[in-house]
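Data block below; observations after.
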4 protein chains.
Amino acid sequence: MNTFGHIFRLTTFGESHGPAIGGVIDGCPAGLRLDFAAIKRSVALRSPQTTAGSTKRCETDNIEFLSGIYEGVTLGTPIAFIIRNKDVRSEDYADLEHIYRPGHADYTYDMRYGIRDHRGGGRASARTTVAQVVAGAIAEQWLAKQGVSFSVYVDQIGPILIPDQTDGNDVNKSPLRCPDKFTEALWLDLLEQVREEGDSIGGAVRCEIKGVPAGVGEPIFNKVQAALASAMLSIPAAKGFEYGLGMSAAAAQGTESNDEMLLKKGKVKFNTNRAGGLLGGITTGEPIYFRVAFKPVSSISQPQRTVTDSGQAVAVQISGRHDVCVAPRAVAVVRAMAAITIIDQILSK
Amino acid sequence: MNTFGHIFRLTTFGESHGPAIGGVIDGCPAGLRLDFAAIKRSVALRSPQTTAGSTKRCETDNIEFLSGIYEGVTLGTPIAFIIRNKDVRSEDYADLEHIYRPGHADYTYDMRYGIRDHRGGGRASARTTVAQVVAGAIAEQWLAKQGVSFSVYVDQIGPILIPDQTDGNDVNKSPLRCPDKFTEALWLDLLEQVREEGDSIGGAVRCEIKGVPAGVGEPIFNKVQAALASAMLSIPAAKGFEYGLGMSAAAAQGTESNDEMLLKKGKVKFNTNRAGGLLGGITTGEPIYFRVAFKPVSSISQPQRTVTDSGQAVAVQISGRHDVCVAPRAVAVVRAMAAITIIDQILSK
Amino acid sequence: MNTFGHIFRLTTFGESHGPAIGGVIDGCPAGLRLDFAAIKRSVALRSPQTTAGSTKRCETDNIEFLSGIYEGVTLGTPIAFIIRNKDVRSEDYADLEHIYRPGHADYTYDMRYGIRDHRGGGRASARTTVAQVVAGAIAEQWLAKQGVSFSVYVDQIGPILIPDQTDGNDVNKSPLRCPDKFTEALWLDLLEQVREEGDSIGGAVRCEIKGVPAGVGEPIFNKVQAALASAMLSIPAAKGFEYGLGMSAAAAQGTESNDEMLLKKGKVKFNTNRAGGLLGGITTGEPIYFRVAFKPVSSISQPQRTVTDSGQAVAVQISGRHDVCVAPRAVAVVRAMAAITIIDQILSK
Amino acid sequence: MNTFGHIFRLTTFGESHGPAIGGVIDGCPAGLRLDFAAIKRSVALRSPQTTAGSTKRCETDNIEFLSGIYEGVTLGTPIAFIIRNKDVRSEDYADLEHIYRPGHADYTYDMRYGIRDHRGGGRASARTTVAQVVAGAIAEQWLAKQGVSFSVYVDQIGPILIPDQTDGNDVNKSPLRCPDKFTEALWLDLLEQVREEGDSIGGAVRCEIKGVPAGVGEPIFNKVQAALASAMLSIPAAKGFEYGLGMSAAAAQGTESNDEMLLKKGKVKFNTNRAGGLLGGITTGEPIYFRVAFKPVSSISQPQRTVTDSGQAVAVQISGRHDVCVAPRAVAVVRAMAAITIIDQILSK
């Protein structure tokens, strides 16, 4: 399944080293004047050039829009876009062609399809998430007009968490998408150390969404939290999703978990927002916030035992350029999938 | 959206105190001889009679099958089933009719629909999950024939975790669905104390699925983990989902996260299973395991501030029978939603 | 697939002689006060008691609503309903248990599922369309508030067509759902003659929908006409669908097919409505009209050659009570499926 | 909705005079070696160069595949393809920019979206069906390996029908896709005459599908005939769909409509195939056959009254190059949509 959403439906396609990656958005509202420079900026934010801890593969990522737009305004018809894959040197991957890299999807794709494009991970490459980022940027432009805004940043790398949750306004200027200068310095040291060891490290991303009105969401099976969880767990390397009190809710008591409701100037207000903006799968009008944990990058230069597709035991050592921590680049993808999920929920109402 | 799944599709219906709750399963394979006693046992496992820490509402939960079965065997046509709501005394809820209970979906349903059935939480009641349990029990019977088995238990209540993960074989005999006698005693004490305080407490459920062959799953947007996350976050009170290393993956290094692959008797084997049985959204053939965190029960007998639907500030104190911890009853629902997710993924292949 | 629609989604279930037939409507707008007597009248209109040319199986068809309604008003949650199958005497069907009746789906269900409920046609029985009629009656009540109205009648039985298309206001009083007294008399004679021959006969139903505003519809793949065609061809015995000029459009010229547009009191008006109210899959604001052709009833009392499920050649003669012409009863189903299609298209906008 | 199908899902995009048109196929089986020359031939068959009665717009239609294929073999991942729009001279359409052309979707798109790309009909242009043809050609290659074959031809233009239904093997060499030399001559005369009058004319296409095994199809709502009807009515200018006895079933008697079943060499055979290969929505194993009627081309050079988008009454005369009859080009689209429908039904089983 390469389609996400019910009303605002994104279908993506593309392999890491095929001719192009891209997507089709069906159900984008008509009449939206697009800010193409903003879309380009969003895409740049997941590129290795703007983040630390990343590979240095040169991704210029020129987005070409093919349909659904007339004189810069959405038509309500499908918006198709492609990004050509440059820097495609298949021979770079020849030595890994038959090897199942540990932590990667090489083996499982072979089990699923009986065939795979081994170059750069093929369809399983995180590179393919650029399509989500393009669609998310468009969703975000529509949402901004409804007063919905996003704050997304890295809040943990390895064992080091940021001291306080914050608004993350300037986070895109930080190469680690870190809202705290002091923590960022610690993380840079940590990443350097991990890289020297030929290892990699995990991280977590926090997202907060403000301005979604109360009463948005599908109860039972497409609850906002279920749609968000599905969106986040679709991101490569994501291992967990939690919202509101999250996993620590298991240790909490009801008096620490419920939010009292008050009247402020005649309007219903929640005294706290431990619920993370959602009750029964529907928005309360308070900010929605959640965290996503990402595993360490699977490509490491330490030797690992594995097997080939013809059943030989080998050792593999993935040298050269590769990310050390995926979290900084994942910020753009978390933000995009959050925007896609929320626009779909709002339009579904 | 009250439908879950793509091939094995469950549609549920019903309010807590309406005439009945139930579901329709479309896409169940034909020719499956059903074990109705086993379905009944599954349903009993989420009832308060068999669990500690629960309300004592008498739910006899007689399941009536209406279609899709002929002489005990599935026809491949939709299987509809209903459970009549007995013990329905609407007047019990009259005093809460206009009050937005903290932690409940009363307010958000009103914002979403402009109308709600206030009795017992209406559609938002956890009682409605009995439909999932029935469908899950049917899914599990089909899966058992494919060699797929489930182990599900409570592994945390409040701050107390079980010492080791285990297989949970006998857990259904434990009123707290706890696989460890010693921990269970601690939990019973804790629950007693919380109940005396008029408070409630959270918990977590662990699920392990064995026997799913390698190569099952949809990459990109309906990854097994995304489908499971969506399934689990659809359960009332669920606040987080993690699989494999889970949230702690954020603190791990690549050497601690990857699973090496070996050949054992000519077959590909993973040396460890930190991945939780999934790579790139597709099964590796190793067990799939995950955890779900549940918040404390929202109904507590301590006074809380809230508002009414006509905009009056009031204090509410929910006395009488109510759960203290949802986790023991959630075991049956987690198991059911896991089975529904896995059968759908297998049939989608 | 037992679900129809995208926003207003009807899932049906039930075999002709199982415990019950019924449906679940997900996505019905909240706040609609239901007229239950009107629903009952719609259901009665497809029963043999109110139509000529039908079997005399006694279908009391008591509808029981199980969810989604509180004090007579829709909640926005799934509306489930069931109709118990009475008059179920399985032994009546014992002699046909292993015979593939010509024109029926006995053989194809066996090929599809490897198992079937032979009694009365099981899931393939036209009886199951009562679920569509209930859902359509609810859809129609919502549509009526938007100013949408339906006119549906039989316009052909055998070779005899009604002389002019009309509005069909009083057609429900006619046992053949015929808007023309003179034609009705001819049809009654024809049916009597066919019945005496032990044969059956085909017919056609015309539907006109007024009041749908311009701009409703999904272009490309879920065009209003495509959705209507899919809805109509889902009705048992339907063999063709045509709208606007229909099949005769193949013989027309452009000057006979286009509708000129005029201004009347400053408003855009079409001078004619050969298009049938649809251009490019989207409503023009003019009435939508279409026809559906139904084959003769497959159960006839003349002897026919066929085979059994164990591969024996036999002759079958289906004696006793059965319809001679399906069209009069199909009027209620065409109307219902039209209403379900149109509400879905309007809500999808 | 720009997606068709449930398992083999085609999403199309593109406006007639935008940068490109194209599609994404999700769910194509992995391991299919594609014959690209055959795809190209299918696309050529809907181009005006190879058909009579068509515009002479030069459509070279170079197809570029962007994903889902590795070394000529399908990967099981989405297959995206685009066809650049050449010969795009927007200024050609400037005089029609604000005019609602009779018979076209100009007015309805404006009502639906409040905005449209007026150039060449934008999204509503029949040109966009080239995406269906590409996807259909791929579907057909997979189906051919299962023994499924298609015979599609024009069987009516204006009032002139071909004398007998045939197998249409060589029809692609005929510029009118006519299987009968004598009839073709009559049609060419008719088209010439209509063209001289500045008028256009309708036609019909017949499709026969052989080799689909018995037992394919979804009963109730996605019956094979319902899916085919939906597919066919999604083709621009289609006004009706009939299968088996079709609309004439309304005039038939049961003895003329049922197919007797026989045993031939121990196998079940139907003595006739009036049913059109389908009973209860499921294949019988006999050929599936159906007809689709197309209205005359809406662009005619005779003057017609209409209005502009600013509410002025005008006369419009669409001069220059345009089709006279759509049926010959529609043959390729009917074939493609039939193949897409059948592969989806087979894979859904």
Side-chain angles (χ1 to χ4, degrees), chain A residues 1-2 4 100 102-103 105 108 111-112 124 156 158-159 199-204 214-215 218 220-223 225-226 229-230 233-234 239-242 244-247 249-255 257-258 260-261 263 268 279-280 282 284 293 295-298 300 302 304-307 313, chain B residues 1-2 4 100 102-103 105 108 111-112 124 156 158-159 199-204 214-215 218 220-223 225-226 229-230 233-234 239-242 244-247 249-255 257-258 260-261 263 268 279-280 282 284 293 295-298 300 302 304-307 313:
Chain A
M1 177 90 54
N2 295 274
F4 186 87
Y100 294 142
T108 53
M111 291 297 104
R112 175 76 166 85
Q156 177 180 359
D199 211 336
S200 62
I201 197 152
E218 292 284 331
I220 311 301
F221 286 131
N222 196 23
K223 288 180 155 97
Q225 61 267 43
S230 173
L233 267 300
S234 80
K239 299 300 285 186
F241 166 89
E242 56 178 3
L245 292 184
M247 299 307 292
Q253 299 199 13
T255 41
S257 168
N258 286 348
E260 291 187 313
M261 300 174 78
L263 289 172
V268 171
L279 286 174
I282 303 173
T284 62
K295 71 173 180 179
V297 169
S298 299
I300 57 176
Q302 293 191 23
Q304 298 175 91
R305 287 176 299 170
T306 191
V307 297
Chain B
M1 179 87 58
N2 295 275
F4 187 87
Y100 294 143
T108 55
M111 292 297 103
R112 173 76 166 84
Q156 178 180 359
D199 211 338
S200 62
I201 197 150
E218 293 285 329
I220 312 301
F221 286 130
N222 197 23
K223 287 179 155 98
Q225 62 267 43
S230 173
L233 267 300
S234 79
K239 299 300 284 187
F241 166 89
E242 57 178 4
L245 292 185
M247 299 309 291
Q253 299 199 12
T255 42
S257 167
N258 286 348
E260 291 187 312
M261 300 173 80
L263 290 172
V268 172
L279 286 174
I282 303 173
T284 63
K295 70 174 182 181
V297 169
S298 298
I300 57 176
Q302 292 191 22
Q304 300 173 90
R305 287 176 299 171
T306 191
V307 298

With a 4.5 angstrom heavy-atom cut-off, could you sort out which part of [X] is near chain B: side chain, backbone, both or neither?
X	result
A:Gln302	side chain
A:Ser257	side chain
A:Asn2	both
A:Gln225	both
A:Lys295	both
A:Ala313	both
A:Ile300	side chain

Looking only at heavy atoms, which two atoms of [X] and [Y] are closest? And how far apart?
X	Y	value
A:Gly280	B:Ala105	CA-CB, 3.7 Å
B:Thr108	A:Thr284	CG2-CG2, 3.8 Å
B:Ala293	A:Gly246	CB-O, 4.0 Å
A:Met111	B:Ala214	CG-CB, 3.7 Å
B:Tyr100	A:Met261	CB-SD, 3.7 Å
A:Ser230	B:Ala226	O-CB, 3.4 Å

As an exercise, state the distance from [atom1] of [X] to [atom2] of [Y], rounded to the nearest 0.5 Å.
X	Y	atom1	atom2	value
B:Ile201	A:Thr255	CD1	OG1	9.5 Å
A:Leu233	B:Asn222	CG	CG	11.5 Å
B:Met247	A:Phe241	CE	CZ	9.5 Å
B:Gln253	A:Asp199	CD	CG	4.5 Å
A:Asn258	B:Gln304	CG	CD	4.5 Å

For B:Ala204, is it the side chain, the backbone, both, or neither that has a heavy atom closer than 4.5 Å to a heavy atom of chain A? both

Could you tell me which of B:Gly240, B:Gly203, B:Gly254 has the largest number of non-hydrogen atom pairs under 4.5 Å with chain A? B:Gly254

If you tally heavy-atom pairs under 4.5 Å against chain A, which of B:Gly244, B:Ala124, B:Pro159, B:Ser298 wins? B:Ser298

Side-chain touch B:Lys223/A:Met1, heavy atoms, less than 4.5 angstrom: no

Find the one option among A:Pro102, A:Pro296, A:Ala229, A:Gly103 whose heavy-atom pairs under 4.5 Å with chain B are most numerous. A:Pro296

